[in-house]
2 protein chains.
Amino acid sequence: MTSEETTFRFKVEVVLKNGVLDPQGEAIKQSININRLGNVLEAKQGKLFELSVSSKNIEYAIKDVEKICSDLLTNSVIEDYKYYEVSE
Amino acid sequence: MTSEETTFRFKVEVVLKNGVLDPQGEAIKQSININRLGNVLEAKQGKLFELSVSSKNIEYAIKDVEKICSDLLTNSVIEDYKYYEVSE
């Protein structure tokens, strides 16, 4: 991190594509309904990542995050990703 | 689901509390930096849940989600949760 770089924080959400079997979500749904915690029609589980990226400017930071998502965090065959900058 | 019930959609974010060791996040950070995908100072991994809750009104739905989070989705010793309604 050189002195001209700023830190940007991002949240990345990775979820299974529609139609991909989600046994974990199904188990959570059943567990909720069996334990009478609520009437849940659908439950899906995904992954959440918080990244602090050091970069010259926001454009470069977004480029980096895009690359991190597609190359490392997501299996593009079965998963979709979405990211957004967070301020805090 | 009776005819008077509406479906509300929520997202739940479960993250490790500050100070709790996050080896998975650490591994992701190292992997990003070793593979030169970006200059990442910190990476944390959490869990994401999408719930469709059928309830009489939003107040009851929030009560259900609160209970689901604290009783089932979160280990309160090491994790914090946060939820919000989503429209789509």
Side-chain angles (χ1 to χ4, degrees), chain A residues 1-2 5-16 18 22 24-25 27-56 60-74 79-83 86 88, chain B residues 1-2 5-16 18 22 24-25 27-56 60-74 79-83 86 88:
Chain A
M1 185 178 171
T2 66
E5 296 205 332
T6 321
T7 303
F8 302 95
R9 291 193 60 223
F10 292 87
K11 278 197 184 178
V12 179
E13 298 181 0
V14 176
V15 292
L16 287 173
N18 277 334
D22 180 7
Q24 213 166 355
I28 291 167
K29 181 182 128 183
Q30 285 183 18
S31 185
I32 292 169
N33 293 329
I34 288 169
N35 292 299
R36 297 182 185 285
L37 296 173
N39 184 9
V40 169
L41 305 178
E42 199 191 4
K44 288 172 102 175
Q45 176 159 8
K47 286 178 283 184
L48 181 76
F49 301 94
E50 290 178 17
L51 302 175
S52 300
V53 180
S54 168
S55 195
K56 253 197 304 202
Y60 279 95
I62 287 174
K63 238 182 191 169
D64 283 349
V65 171
E66 184 71 42
K67 217 170 153 47
I68 291 166
C69 288
S70 61
D71 288 9
L72 189 75
L73 301 180
T74 310
E79 291 170 330
D80 282 328
Y81 63 89
K82 183 162 92 177
Y83 56 85
V86 286
E88 23 100 46
Chain B
M1 186 177 172
T2 65
E5 296 204 332
T6 322
T7 303
F8 302 95
R9 290 194 61 225
F10 291 88
K11 278 197 184 177
V12 179
E13 299 181 359
V14 176
V15 291
L16 287 173
N18 278 332
D22 180 7
Q24 213 165 357
I28 291 165
K29 181 182 127 184
Q30 286 185 16
S31 185
I32 292 168
N33 292 329
I34 288 169
N35 293 299
R36 298 182 185 282
L37 295 173
N39 184 8
V40 169
L41 306 178
E42 199 190 3
K44 288 170 99 174
Q45 175 159 11
K47 285 178 283 184
L48 181 76
F49 301 96
E50 290 179 17
L51 303 174
S52 300
V53 181
S54 168
S55 194
K56 254 196 305 203
Y60 278 94
I62 287 174
K63 238 182 191 168
D64 283 349
V65 171
E66 183 72 44
K67 217 170 152 48
I68 291 166
C69 288
S70 60
D71 290 9
L72 189 74
L73 300 181
T74 310
E79 291 170 330
D80 282 328
Y81 63 88
K82 181 160 94 178
Y83 56 85
V86 284
E88 22 100 48

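Note on naming: letters A, B, ... go to the chains in the order of the sequence lines (proteins, then strands), and numbering restarts at 1 for each one.
- Scanning for salt bridge (Lys or Arg N to Asp or Glu O under 4.0 Å) contacts around Glu79(A) gives Lys47(A), with sequence neighbours left out.
- Rounding to the nearest 0.5 Å places OG of Ser54(B) at 4.5 Å from CG of Asn39(A).
- If you take CG on Leu72(A) and CD1 on Ile28(B), they are separated by 7.0 Å, rounding to the nearest 0.5 Å.
- When Leu73(A), Asn35(A), Ile32(A) are compared by the number of non-hydrogen pairs under 4.5 Å with chain B, Ile32(A) comes out ahead.
- Summarising the geometry of Leu51(B) relative to Ala43(A), their closest heavy-atom pair is CD2-CB, 3.7 Å, with the distance given to 0.1 Å.
- Interatomic distance, NZ of Lys29(A) versus CZ of Phe49(B), reported as 16.0 Å (0.5 Å rounding).
- Only the side chain of Val15(A) comes within contact range of chain B, judged by heavy atoms closer than 4.5 Å.
- Within a 6.0 Å radius of OH in Tyr83(B), other residues, nucleotides and ligands contribute more than 12 heavy atoms.
- Remark: Lys67(B) engages Leu37(A), Asp71(B) in a side-chain contact (heavy atoms from CB on, under 4.5 Å) (not counting sequence neighbours).
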